[in-house]
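This report refers to the structure that appears directly beneath it.
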Amino acid sequence: MACAGTAADPIDDAFFARGAVAVARDLVGATLRFGRLAARIVETEAYAGDPASHFVTRPRTAAMMGTTFGRLYIYRIYGLHRCLNVTADRNGPGAVLLRALEPIEGVAEMARRRGVTDPRQIASGPAKLFVALGIGDDLLGARALDEFTFERPARPPRVASGPRIGISRAKSLRWRFWERGNPHVSR
DNA sequence: TGGCCGATATGCT
DNA sequence: GCATATCGGCCAA
């Protein structure tokens with residue numbers, strides 16, 4: 001069913017076994033914990049077997065999109081940047097790109113890593129949040145739940161959707177999800 | 001082996 | 001709003 005779940009439902013492997021679009025939508029508002037850091041996921045994007053997906057455009061490096069769920073898929077882009085995804089969909093290719101976080105705990109640590117002071121500049125973009133979390137390429141392929149914990153929001157967030165950002169193909173799909181009005185969203 | 005392009009961020013006009 | 005750094009992945013040749 002298409003139920004978004006309640007605050008009591010855990011975010012476990014079964015959560016990520018669902019389709020990428022449902023996983024992306026339902027991660028908005030969740031709290032991501034990594035060590036002493038905590039942040040609210042405020043923006044995500046879903047990728048599946050569509051023409052903009054790395055499963056299609058980078059079939060070798062993104063093969064794990066088709067064979068795993070609940071695993072960390074990390075990719076490099078424009079030479080410099082790295083972005084963090086969690087694979088999804090037990091029955092087909094899927095991954096969810098984490099695009100923006102609202103820092104909650106360990107804010108000073110994240111700000112220092114990013115070299116910024118404005119809280120809105122800490123993690124308001126996929127490559128920004130990767131730096132803010134202080135993670136590395138070594139997490140590629142790891143179980144997401146071995147590295148992070150995810151907690152449902154106490155109250156259902158207001159989730160908006162629109163076209164994914166930075167892609168040249170499949171622009172009509174509205175597979176970007178964000179918390180409406182949250183200032184930490186990338187745009 | 002060469003050339004093109006990219007799920008970005010930043011700085012400047 | 002626009003240019004550009006910077007380099008791995010991919011495929012055509």
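Atom set for the values below is all heavy atoms of this structure, side chains included, hydrogens, waters and symmetry mates excluded. Each chain gets a letter, A, B and so on, in the order the sequences are listed, and its residues count up from 1.
- Within the nucleic acid shown, A/Ala127 comes within 4.0 Å of sugar-phosphate atoms alone, with no base atom in reach, counting heavy atoms only.
- Within 4.0 Å (heavy atoms only), A/Ile167 reaches sugar-phosphate atoms of the nucleic acid but no base atom.
- Looking at A/Tyr78, its side chain has no donor and acceptor atom pair within 3.5 Å of the base of B/dA9.
- An OP1 or OP2 oxygen of B/dA9 is reached within less than 4.0 angstrom by no side-chain nitrogen or oxygen of A/His81.
- For C/dG8, the OP1/OP2 oxygens have no side-chain nitrogen or oxygen of A/Thr61 closer than 4.0 Å.
- Using a cut-off of 4.0 Å between Lys/Arg side-chain N and Asp/Glu carboxylate O, A/Arg36 and A/Glu105 are scored as not salt-bridged.
- For the pair A/Glu45 CD and B/dG6 C1', the interatomic distance rounds to 14 Å; values are reported in whole Å.
- A/Leu98 and A/Leu37 end up in the same hydrophobic cluster when Ile, Leu, Val, Met, Phe, Trp and Tyr side chains are linked at under 4.5 Å.
- Between A/Val116 and A/Arg169, the residue whose closest nucleotide on DNA chain B is further toward the 5' end is A/Arg169.
- At the phosphate of B/dG6, neither OP1 nor OP2 sits under 4.0 Å from any side-chain N or O atom of A/Arg58.
- Following rounding to the nearest Å, A/Lys171 (NZ) and B/dA7 (C1') show an atom-to-atom distance of 13 Å.
- Rounded to an integer number of Å, the gap from OH of A/Tyr73 to C1' of B/dA7 is 9 Å.
- Between A/Arg76 and C/dT6 there is no side-chain N or O to OP1 or OP2 distance below 4.0 Å.
- Proximity of a side-chain donor or acceptor of A/Arg113 to a complementary backbone N or O of A/Ala132 within less than 3.5 Å is detected.
- Going from atom CD1 of A/Ile74 over to atom P of C/dG8 covers 17 Å, rounded to whole Å.
- A/Met65 places its CE atom 16 Å from the C1' atom of C/dG9, with the value rounded to the nearest Å.
- Between A/Arg114 and the phosphate of B/dT10, there is a side-chain N or O to OP1/OP2 separation shorter than 4.0 Å.
- The nearest whole Å value for the distance from the CG atom in A/Leu80 to the C1' atom in B/dG11 is 14 Å.
- Computed from coordinates, the A/Tyr75 OH to B/dT8 C1' distance equals 8 Å when rounded to whole Å.
- A cation-pi arrangement is absent between A/Arg71 and A/Tyr73 under the rule of less than 6.0 angstrom and at most 45 degrees off the ring axis.
- Hydrophobic clustering of Ile, Leu, Val, Met, Phe, Trp and Tyr side chains at less than 4.5 Å, counting indirect connections, unites A/Leu97 with A/Leu27.
- A 3.5 Å limit on both hydrogen-bonding distances identifies C/dG8 as the Watson-Crick or G-U partner of B/dC5.
- Candidate nucleotides B/dT8, C/dA5, C/dC10 were compared by shortest atom distance to the side chain of A/Cys83, and B/dT8 ranks first.
- The interatomic distance linking A/His54 (NE2) with B/dC5 (P) rounds to 16 Å, in whole Å.
- Listed nucleotides B/dT10, B/dA7, C/dC11 differ in distance to A/Arg60; the shortest reach to its side chain belongs to C/dC11.
- In this structure, OG on A/Ser186 lies 4.0 Å from CD1 on A/Ile165, to the nearest 0.5 angstrom.
- Stacking between A/Tyr47 and the base of B/dA7 is present: ring centres sit under 5.5 Å apart and the planes differ by under 30 degrees.
- Of the listed nucleotides (B/dT10, B/dA7, B/dT8), B/dT10 has the atom at the smallest distance from the side chain of A/Gln121.
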